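The structure under discussion appears below in the form of structure tokens.
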Protein chains: 2
Amino acid sequence: MQVSRPDRLDESLIALRRILRATELFERDLATSAGLTPAQLRVLQIVDERESVTPKGLARQMGVSQATVTSLVDKLVARGLVERQPSSIDRRQTNVVITASGQARLKVAPDALQQRYVRAFEDLADWEQAQLVSSLERVAAILDAETIDASPVLTTGEIRPGGRLPESHN
Amino acid sequence: MQVSRPDRLDESLIALRRILRATELFERDLATSAGLTPAQLRVLQIVDERESVTPKGLARQMGVSQATVTSLVDKLVARGLVERQPSSIDRRQTNVVITASGQARLKVAPDALQQRYVRAFEDLADWEQAQLVSSLERVAAILDAETIDASPVLTTGEIRPGGRLPESHN
DNA sequence: AACTGAAACTTCAACATTCAAAGTAATTTT
DNA sequence: AAAATTACTTTGAATGTTGAAGTTTCAGTT
């Protein structure tokens with residue numbers, strides 16, 4: 001309501017930027033240490049999380065065009081880290097699946113940042129954990145409210161009425 | 001210490017990813033709506049915040065090489081959004097300053113995401129604001145601890161033992 | 001004053017990302 | 001079956017990114 005302590009706003013924005021910057025810089029390092037580019041690593045991670053993904057699914061989750069995904073998958077296929085498997089139910093579709101070599105590559109590049117977060121989180125007291133979750137979810141709710149709908153990829157067809165994805169993209 | 005509620009960790013990670021994804025997607029939209037690329041917009045924003053910046057300063061703050069900055073500044077100069085001004089104290093240096101046209105371009109692209117955050121933050125009760133700041137700063141402290149030192153620019157030789165930079169590059 | 005080394009920046013060449021537009025093949029709708 | 005739609009790829013063009021090499025300037029040494 002009232003701005004009791006204006007500096008608090010600044011402090012929270014600064015902290016938010018630090019989070020953003022740290023993760024961004026780290027992702028680049030992580031990728032290069034794995035011998036990949038950031039975009040390629042992201043594809044590999046997503047393909048690993050989900051068992052199999054279509055290029056369209058990748059495009060939607062990454063927020064890029066299908067053409068871009070094609071190019072990225074090409075690179076990963078050339079390195080033997082993923083494979084294209086024609087879908088049996090719909091022959092227009094292609095499933096991208098990770099190879100053993102791709103799995104191995106991911107293990108070479110453990111997400112140290114996430115690990116550090118996990119460790120620190122687990123060291124917190126119960127009430128501190130609860131507070132952190134509550135705060136992060138509050139910020140997330142603020143920031144990704146309608147933002148996702150404005151994504152370049154979704155503008156094609158998917159106009160979700162007012163809601164948001166049912167967490168299907170995790 | 002003990003993992004009282006394991007799902008809390010997942011929940012916080014998911015929230016963190018939502019924050020990351022929302023801001024990333026939004027930045028792209030913001031840039032294109034301003035007729036710029038994300039990288040160019042970031043340069044413009046930094047040059048606007050600080051009165052004048054050297055290419056080296058830009059490179060450090062953005063986490064990219066000087067060559068990249070040269071190329072980005074070239075584009076912005078070609079569009080008349082920034083200018084290069086030779087430094088008077090050190091003729092090796094160049095100061096990049098924003099032009100009136102560049103200022104105008106930034107106004108065309110207000111940071112709606114930040115505005116939304118500001119609005120939501122100000123609507124919070126006093127104790128909620130305090131909790132949010134505390135949580136965000138805690139996460140930021142966890143994530144950007146030594147991360148920044150691992151920036152791609154430094155990866156060439158600098159293996160800093162355990163310390164971290166004294167915040168000199170903010 | 002001349003030499004040397006470092007610093008700031010640019011140029012160059014090579015590759016990665018990204019997308020719109022056009023093209024192909026398969027599916028669905030009419 | 002014809003038309004429209006969907007999934008994906010190809011193509012061409014712009015941008016981003018970097019390491020290496022080059023230029024100019026500065027700072028310190030001799």
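Chain A is the first sequence line, chain B the second, and so forth, proteins listed ahead of strands; every chain is numbered from 1. Please read all numbers here as calculations on a predicted model, not as lab measurements.
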Figure out the CG/P separation between B:L58 and D:dG16, and round it to whole Å. 14 Å
Here the distance between atom P of C:dT18 and atom CD of A:Q40, to the nearest Å, is 10 Å
Show every salt bridge (Lys or Arg N to Asp or Glu O under 4.0 Å) that has at least one partner inside residues 102-111 of chain B, sequence neighbours left out. none
Pairs touching residues 30-40 of chain B that satisfy side-chain hydrogen bond (donor to acceptor under 3.5 Å, both in side chains), sequence neighbours left out: none
What is the distance, to the nearest angstrom, from the CZ atom on B:R28 to the P atom on D:dG16? 14 Å
Pairwise salt bridge (Lys or Arg N to Asp or Glu O under 4.0 Å) hits with a residue in residues 30-47 of chain B, at least two apart: A:E24-B:R42
With a cut-off of less than 4.0 Å, is there a side-chain N or O of B:R84 near OP1 or OP2 of C:dT10? yes
Scan side-chain atoms only and decide if B:Q61 and B:R50 contain a donor-acceptor pair under the 3.5 Å cut-off. yes
Pairs where residues 80-104 of chain B contributes a residue and the test salt bridge (Lys or Arg N to Asp or Glu O under 4.0 Å) is met, not counting sequence neighbours: B:D74-B:R84, B:D90-B:R92
First encountered from the 5' end of DNA chain C, between A:S88 and B:K56: B:K56
Below 3.5 Å between N/O atoms, which protein atoms pair up with nucleotides 28-30 of chain C? Just atom names and distances, please.
none

Atom CZ of B:R79 to atom P of D:dT15: distance rounded to whole Å? 7 Å
Stretch residues 66-77 of chain B: residues that reach within less than 4.0 Å of DNA chain D through a heavy atom: B:A67, B:T68, B:S71, B:L72, B:K75
Over how many whole Å does the gap from A:M62 atom CE to C:dC19 atom P extend? 9 Å
Should B:R91 be listed as having a side-chain N or O under 4.0 Å from OP1 or OP2 of C:dA8? no
Contacts of A:E128 that satisfy salt bridge (Lys or Arg N to Asp or Glu O under 4.0 Å) - sequence neighbours left out: B:R138
Do other residues, nucleotides or ligands put more than 12 heavy atoms under 6.0 Å from the CD atom of A:Q115? yes
Could you give the CD-to-P distance, from A:Q93 to C:dT24, as a whole number of Å? 21 Å
May I have all residue pairs that pass salt bridge (Lys or Arg N to Asp or Glu O under 4.0 Å) and include part of residues 61-70 of chain B, sequence neighbours excluded? none
Proximal nucleotide (of C:dC19, D:dT18, C:dT18) relative to the B:S65 side chain: D:dT18
Report the distance from atom CZ of B:R60 to atom P of C:dA7, rounded to the nearest whole Å. 13 Å
Taking only residues two or more places apart in sequence or in another chain, which ones pass side chain to side chain contact (heavy atoms under 4.5 Å, CB included) with B:T68? B:V64, B:S65, B:L72
